[in-house]
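Just below is one structure, and these are the notes that go with it.
Keep in mind that this is a model prediction, so the values were computed, not measured.
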Amino acid sequence: RLIRQDGPYQQVNASVRGGALNSVLYNISGGYYNEKGIIIGSDFERINARVNLDMFPTKRFQVSSSINVAGSNRNVSDRGTFFTDPIELSMRRAPDLQLYIVDPGTGAPSNQLYGEAAYDRRNPYAIATQFVNLENQFRTFGNVTGTFWVLPDVLSVKANYGIDYTDASQRQFTPANGNNNRTRPVRQQRQGNLTWFQDYYANYVQSFGRSEVQGLLAFSQQKSTNTALSFSGIGGPTDQPGGQFIGSAAQAQNWSGTEV
């Protein structure tokens, strides 16, 4: 019971649509979602919004656009490994061992009080409350399309431009009583992806009695850029939030970065 909690969630969605035909049509929607995990310290939060517009400057010209934005935060107490999964450890824990034990030196829940090699005796409560495994993600994508009818119902040209951007980061922190030498290792990594594209079309449709002639010319171009950064360090000054970031580490172990 010490490592588990109720998992309530909240969800709110709203949308507005309207406009006038052959003028401007709009559709705006958004949502919010929040959920508590069944393990203490775990939760998930997401917010998203979307805007669609259709504009008709003239009878032969139409402009459509769509924009989507979403962001999420996720705290993961369960790291999903054999040695650091609170649920796995609580199920394998001997019934004669206490679940909540305080480290005499720090006053915090002790993760290693029974020895570093005794993995089946690690404290699941300490892992759930002291370890940090935070994931953040932001994404926005959208496009703008313009269509012009050179000859109504016969010949039209279209141009479409779009973009898709994703930024994801993760931060992991192990408290002083969670590793062998109390060095408070911290790791942060970040990945980004940017994709843009452009499409051009010319479409021809003409009927001759029972026959129909169709023609399509198209050109498409797309480019993607990926970036990745990873930092790790040791020697944070405290287990409190101020010592859980790479900037507070006394010694940077390594970093790496790539761009494609």
Next on the checklist: When you group the ILVMFWY residues by side-chain heavy-atom contacts below 4.5 Å and let the links chain together, are Val150 and Val213 in the same group?
Outcome noted: yes
Checklist entry - Do Phe148 and Tyr204 belong to the same hydrophobic cluster, where Ile, Leu, Val, Met, Phe, Trp and Tyr are linked whenever their side-chain heavy atoms lie under 4.5 Å apart, directly or via other members? => result yes
Next on the checklist: For the residue pair Ser220 / Gln222, report whether a side-chain donor-acceptor contact shorter than 3.5 Å exists.
Outcome noted: no
Next on the checklist: Walk me through whether Arg139 and Asp164 qualify under salt bridge (Lys or Arg N to Asp or Glu O under 4.0 Å).
Outcome noted: CA-CA 8 Å; Arg139 184 186 182 192; Asp164 189 342; 2.7 Å; yes
Checklist entry - Between Gln5 and Gly37, is there a donor-acceptor pair closer than 3.5 Å when you use the side chain of the first and the backbone of the second? => result yes
Checklist outcome for this item: Heavy-atom nearest pair, Ile163 first then Phe197, reads N-CE2, 4.0 Å
Item to check | Distance-only side-chain donor-acceptor flag, Ser64 / Asp54, under 3.5 Å | outcome: yes
Checklist outcome for this item: Of Gln188, Arg187, Gln189, Arg190, the one forming a side-chain contact (heavy atoms from CB on, under 4.5 Å) with Arg171 is Gln188
Item to check | Note, Asn203 side chain near Val205 side chain (heavy atom, < 4.5 Å) | outcome: yes
Next on the checklist: Tell me if the CG atom of Asn13 is crowded by more than 12 foreign heavy atoms within 6.0 Å.
Outcome noted: yes
Next on the checklist: Measuring only between side-chain heavy atoms, which start at C-beta, is Asp6 closer than 4.5 Å to Lys36?
Outcome noted: no
Checklist entry - Would you find more than 12 non-hydrogen atoms of other residues, nucleotides or ligands less than 6.0 Å from Tyr9 atom OH? => result no
Checklist entry - Under 3.5 Å, is there a donor-acceptor pair linking the side chains of Ser29 and Ser15? => result no
Item to check | Side-chain heavy-atom pair Leu216, Gln214 within 4.5 angstrom cut-off | outcome: no
Next on the checklist: Any heavy-atom pair between the side chains of Trp149 and Lys59 that's under 4.5 Å?
Outcome noted: no
Checklist entry - When you look at Phe56 and Phe61, which way does the side chain to side chain contact (heavy atoms under 4.5 Å, CB included) test go after all the steps? => result CA-CA 6 Å; Phe56 305 86; Phe61 185 42; over 6 Å; no
Next on the checklist: I'd like to know if Phe208 and Leu155 are part of one continuous hydrophobic network [Ile/Leu/Val/Met/Phe/Trp/Tyr, side-chain heavy atoms within less than 4.5 Å].
Outcome noted: yes
Item to check | Asp43 CG to Asn34 CG distance, which is reported to the nearest 0.5 Å | outcome: 6.5 Å
Next on the checklist: Show, in sequence, the C-alpha distance, side-chain angles and deciding distance for Thr145 and Lys158, and conclude whether the side chain to side chain contact (heavy atoms under 4.5 Å, CB included) test is met.
Outcome noted: CA-CA 7 Å; Thr145 303; Lys158 178 188 293 186; 3.6 Å; yes
Checklist entry - Do you reckon Ile67 sits in the same ILVMFWY cluster as Val16, going by side-chain contacts under 4.5 Å, direct or chained? => result no
Checklist entry - What's the verdict on side chain to side chain contact (heavy atoms under 4.5 Å, CB included) for Val76 and Glu135, showing C-alpha distance, side-chain angles and the deciding distance? => result CA-CA 8 Å; Val76 188; Glu135 300 173 356; 4.2 Å; yes
Item to check | CG-CD1 distance between Asn75 and Ile39, expressed to the nearest 0.5 angstrom | outcome: 13.5 Å
Checklist entry - Sub-3.5 Å donor-acceptor pair from the side chain of Arg17 to the main-chain atoms of Ile28, do we have one? => result no
Item to check | From CD1 (Ile38) to CD (Glu35), nearest 0.5 Å | outcome: 10.0 Å
Item to check | Straight-line distance of Gln137 CD to Ser72 OG, nearest 0.5 Å | outcome: 5.0 Å
Checklist entry - Would you say the side chain of Trp196 lies within less than 4.5 Å of the side chain of Thr225, judging by non-hydrogen atoms? => result no
Checklist entry - Taking all non-hydrogen atoms of both residues, which atom of Asn193 and which atom of Ser224 are closest, and how far apart? => result ND2-CB, 4.5 Å
Item to check | Side-chain donor/acceptor of Ser23 to backbone N/O of Ala20, under 3.5 Å | outcome: no
Checklist entry - What closest approach, in Å, do Asp199 and Gln221 show between heavy atoms, and which atom pair accounts for it? => result OD1-N, 4.3 Å
Checklist entry - Which distance, rounded to the nearest 0.5 Å, do you find between the OG1 of Thr195 and the OH of Tyr165? => result 11.5 Å
Next on the checklist: Asn52 vs Arg50, test: side chain to side chain contact (heavy atoms under 4.5 Å, CB included). Steps then yes/no.
Outcome noted: CA-CA 7 Å; Asn52 290 338; Arg50 180 175 182 176; 3.5 Å; yes
Next on the checklist: Between Ser66 and Asn143, is there a side-chain donor-acceptor contact under 3.5 Å, judged purely by atom types and distance?
Outcome noted: no
Next on the checklist: With heavy-atom distances below 4.5 Å as the criterion, would you say the side chains of Val69 and Phe138 are in contact?
Outcome noted: yes
Item to check | Side-chain H-bond candidate by donor/acceptor type, Asn133 with Gln170, under 3.5 Å | outcome: yes
Checklist entry - Regarding Tyr200 and Gln198, is there a side-chain donor-to-acceptor distance under 3.5 Å anywhere? => result yes
